[in-house]
Novice: 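Take a look at the following structure, please.
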Amino acid sequence: MNDRTNFLYPRSRYYGAVNPENLVFNANLQEFTQRVNFICALETGGKLPPEEAYKQIKALWKQLKRSKKELGIGQNPFQSDNHNDEGNQSSEDN
C-alpha cells in the first residue's frame with residue numbers, strides 16, 4: 001500500500017531555507033501540483049467537464065494562497081534567514 005501511495009503522491013526533496021513555515025508550504029505546494037495534475041488528466045481524458053476542472057483548480061489555488069498568507073511566506077523579503085546577523089557582525093568587530 002505504501003508503494004502505491006508513494007507512486008501516486010510522490011514527494012520531492014526540499015532544498016530551500018529550512019524553517020517550519022517553508023517546509024509546510026512546500027508540502028502544500030506539492031499537494032497542489034499533484035491535484036492539479038490529476039484534474040488535468042481527468043479533463044483531458046473526458047472524465048471531467050472543462051468548467052468543473054476550472055472550478056476545482058481555482059478552489060485549490062485559493063486554498064494555496066490562503067496557506068501562503070497564513071504561514072507568512074514572503075511577507076518579510078529583506079529579512080535574512082539567520083536572525084542573529086547583527087549580533088554576529090558586532091562580535092566580529094570587537
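Just so we're clear, the structure is a prediction, and the values are computed from it rather than from any experiment. For this chain, numbers begin at 1 and follow the sequence in order.
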Novice: Decide whether Tyr54 and Phe38 are clustered together by the hydrophobic rule: side chain heavy atoms of Ile, Leu, Val, Met, Phe, Trp, Tyr closer than 4.5 Å, transitively.
Specialist: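 No; tracing contacts between hydrophobic side chains, which count when under 4.5 Å, never links both residues.
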Novice: Which residues pass the side chain to side chain donor-acceptor pair (under 3.5 Å) test with Glu52, not counting sequence neighbours?
Specialist: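 Side chain to side chain donor-acceptor pair (under 3.5 Å) check on Glu52 returns Gln56.
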Novice: Mind jotting down which residue pairs meet the salt bridge (charged side-chain N to carboxylate O under 4.0 Å, His left out) criterion with at least one end in residues 32-48? Sequence neighbours excluded, please.
Specialist: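 Non-adjacent pairs meeting salt bridge (charged side-chain N to carboxylate O under 4.0 Å, His left out): Glu31-Arg35.
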Novice: Could you state whether Ile73 and Val24 fall into the same hydrophobic cluster, counting links through intermediate Ile, Leu, Val, Met, Phe, Trp or Tyr residues with side-chain heavy atoms under 4.5 angstrom apart?
Specialist: yes
Novice: When the side chains of residues 62-71 are checked against the rest of the protein, which donor-acceptor pairs come out under 3.5 Å, sequence neighbours left out?
Specialist:
| residue | atom | partner | partner atom | Å |
| --- | --- | --- | --- | --- |
| Ser67 | OG | Asn28 | ND2 | 2.6 |

Novice: NZ/Lys55 to CG/Leu48 distance, rounded to the nearest 0.5 angstrom?
Specialist: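 With rounding to 0.5 Å, NZ (Lys55) is 11.0 Å from CG (Leu48).
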Novice: Mind checking what makes side chain to side chain contact (heavy atoms under 4.5 Å, CB included) contact with Tyr14, not counting sequence neighbours?
Specialist: Asn22, Leu23, Asn26
Novice: Looking at Ser12, is its backbone amide N or carbonyl O close enough to the side chain of Gln30 to form a donor-acceptor pair, meaning the two atoms are under 3.5 Å apart?
Specialist: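 At least one qualifying donor-acceptor pair exists.
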Novice: Could I get the full list of side chain to side chain contact (heavy atoms under 4.5 Å, CB included) partners for Val36, not counting sequence neighbours?
Specialist: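 Scan of Val36 (side chain to side chain contact (heavy atoms under 4.5 Å, CB included), adjacent residues dropped) gives Phe32, Cys40, Ile57, Leu60.
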